[in-house]
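Presented below is the structure to which this report refers.
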Amino acid sequence: YTILQAGPWSGAVSYFLAVTVFAVLLFNRRIDRWVFSINLATILLAGILNILGYLPLMSAEAPAAGLMDWLSYAADYLVLAIASIWAISLLKAEFKSVAEKFQAALGVLSRDRADLEKRVEERAAGLIKQTDQLRAASYITRRIAELQDLGTILNVVTRLVSDQFGFRHAGIFLMNETGDEVVLVSASSEGGRRMVESGHAIKVNAQGLVAFAASQKKSRIALDVGPDAVSFNNPHLPDTRSEVALPMLVRDRVLGVLVIQSDQPMAFSTEDIDVLQTLADQVAVTIENMRLLEESQTALMQIEALTASRTREAWGQK
């Protein structure tokens with residue numbers, strides 16, 4: 001209406017620019033180009049019709065407009081519109097870039113938060129597991145402290161390790177007198193007990209976890225998955241998927257090896273070693289104390305027998 005009133009002498013360019021700016025701000029590039037083209041075509045069409053006499057200006061005060069007036073008017077819109085579209089497009093691109101960076105940063109923060117929460121949960125679960133293991137180890141230690149027979153102690157240890165820690169098999173190997181092999185003397189599983197009855201023994205210089213723990217005085221874990229996967233082919237324990245061997249040490253001397261097996265592929269971790277090794281060492285101390293007690297009792301009996309014999313000899317001489 002404004003351009004029909006005064007033609008190139010009107011302020012219609014501001015309205016066309018406003019529509020163009022809103023189109024650039026609110027829509028995509030395809031829409032704002034259509035709006036720009038329609039506005040420019042409207043101005044040119046109005047100018048052509050006015051110059052040809054088909055569209056006279058409605059305002060009587062408006063001077064006559066020639067070709068240059070209309071071209072100058074269209075050029076004003078053209079320059080201002082292109083500058084506005086270019087500037088706003090750059091601004092939108094910058095905002096989009098900032099938004100994408102913000103979204104990326106937000107995504108990184110979300111992943112970091114999720115990872116942190118996962119680590120916290122894993123750490124909490126690990127602490128709970130370790131607390132339960134320490135409680136179980138303490139319970140086993142208290143139980144074996146009440147016993148006086150070595151065979152009973154060994155059987156109680158293997159049974160309680162399986163029950164309290166939830167493992168399928170626990171076995172205790174003791175070093176023989178010559179120190180060249182360890183002999184299985186107690187086991188919690190049915191297959192392990194059959195191995196005890198058959199006199200199962202392992203040479204210290206042989207291959208395997210038990211021999212390694214006995215010779216190197218170090219604990220070792222074996223799994224059937226992962227980079228350090230091994231194969232378990234014991235016919236008495238066919239369900240074994242994980243195994244740990246722990247040397248039972250007293251003053252850096254190996255008394256035997258505590259072996260624990262599970263039917264889970266990743267049942268043991270390095271964190272479990274600390275608790276289980278402490279338990280193995282405590283069992284070793286108990287075994288050593290029982291042996292010392294037995295030796296003391298044997299020596300005492302020998303002394304008593306010798307004393308009685310000499311007493312009888314002395315009475316006989318009188």
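All of these numbers come straight from a predicted model, not from anything done at the bench.
A distance of 9.5 Å separates CD1 of I260 from CD1 of I172, quoted to the nearest 0.5 Å. Note that OG1 of T240 and CZ of R168 are 8.0 Å apart. Values are rounded to the nearest 0.5 Å. Atom CD1 of residue I287 and atom CG of residue L174 lie 5.0 Å apart, to the nearest 0.5 angstrom. Expressed to the nearest 0.5 Å, how far CG of N50 lies from CG of L57 amounts to 4.5 Å.
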Could you pull out every donor-acceptor pair under 3.5 Å between side chains of residues 99-114 and any protein atom, sequence neighbours left out?
| unit_1 | atom_1 | unit_2 | atom_2 | d |
| --- | --- | --- | --- | --- |
| S110 | OG | L106 | O | 2.8 |
| R113 | NE | E117 | OE2 | 3.2 |

Review item, side-chain donor-acceptor pairs of residues 34-48, under 3.5 Å, at least two apart:
| unit_1 | atom_1 | unit_2 | atom_2 | d |
| --- | --- | --- | --- | --- |
| S37 | OG | R33 | O | 2.8 |
| N39 | ND2 | F16 | O | 3.3 |
| N39 | ND2 | T20 | OG1 | 3.1 |
| N39 | ND2 | V35 | O | 3.4 |
| N39 | ND2 | Y77 | OH | 3.0 |
| T42 | OG1 | I38 | O | 2.7 |

Can you give me every donor-acceptor pair (side chain of residues 83-98, partner residue at least two apart or in another chain, under 3.5 Å) with its distance?
| unit_1 | atom_1 | unit_2 | atom_2 | d |
| --- | --- | --- | --- | --- |
| S84 | OG | L80 | O | 2.8 |
| S89 | OG | I85 | O | 2.6 |
| K92 | NZ | V24 | O | 2.7 |
| K92 | NZ | F27 | O | 2.9 |

Please list, one pair per line, the donor and acceptor atoms closer than 3.5 Å that link side chains of residues 149-165 to other protein atoms, with sequence neighbours excluded.
| unit_1 | atom_1 | unit_2 | atom_2 | d |
| --- | --- | --- | --- | --- |
| D149 | OD2 | G151 | N | 3.3 |
| D149 | OD2 | T152 | N | 2.9 |
| D149 | OD2 | T152 | OG1 | 2.9 |
| N155 | OD1 | S186 | OG | 2.9 |
| N155 | ND2 | G151 | O | 3.2 |
| T158 | OG1 | L154 | O | 3.3 |
| T158 | OG1 | N155 | O | 2.9 |
| T158 | OG1 | S186 | OG | 3.1 |
| S162 | OG | T158 | O | 3.3 |
| S162 | OG | S188 | OG | 2.6 |

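Between D263 and R241 no salt bridge is recorded (no basic side-chain N to carboxylate O distance below 4.0 Å).
A salt bridge (Lys or Arg N to Asp or Glu O under 4.0 Å) check over residues 180-208, counting only residues at least two apart or in different chains, returns the pairs D180-K203, E181-K203, E190-R193.
Take V250 and apply the side chain to side chain contact (heavy atoms under 4.5 Å, CB included) test, not counting sequence neighbours, and it matches L255, A284, V285, E288. For the side chain to side chain contact (heavy atoms under 4.5 Å, CB included) test, residues two or more places apart in sequence or in another chain that qualify with S59 are Q5, E61, A62. Remark: D252 engages K217 in a salt bridge (Lys or Arg N to Asp or Glu O under 4.0 Å) (not counting sequence neighbours). Residues passing the ring pair (Phe, Tyr, Trp, His ring centres under 6.0 Å) test with F212, sequence neighbours excluded: none. Residues satisfying the side-chain hydrogen bond (donor to acceptor under 3.5 Å, both in side chains) test with Y54, not counting sequence neighbours, are none. With sequence neighbours excluded, the residues that form a side chain to side chain contact (heavy atoms under 4.5 Å, CB included) with S72 are D76. Under the rule for a side-chain hydrogen bond (donor to acceptor under 3.5 Å, both in side chains), S219 has no partner lying at least two apart in sequence or in another chain.
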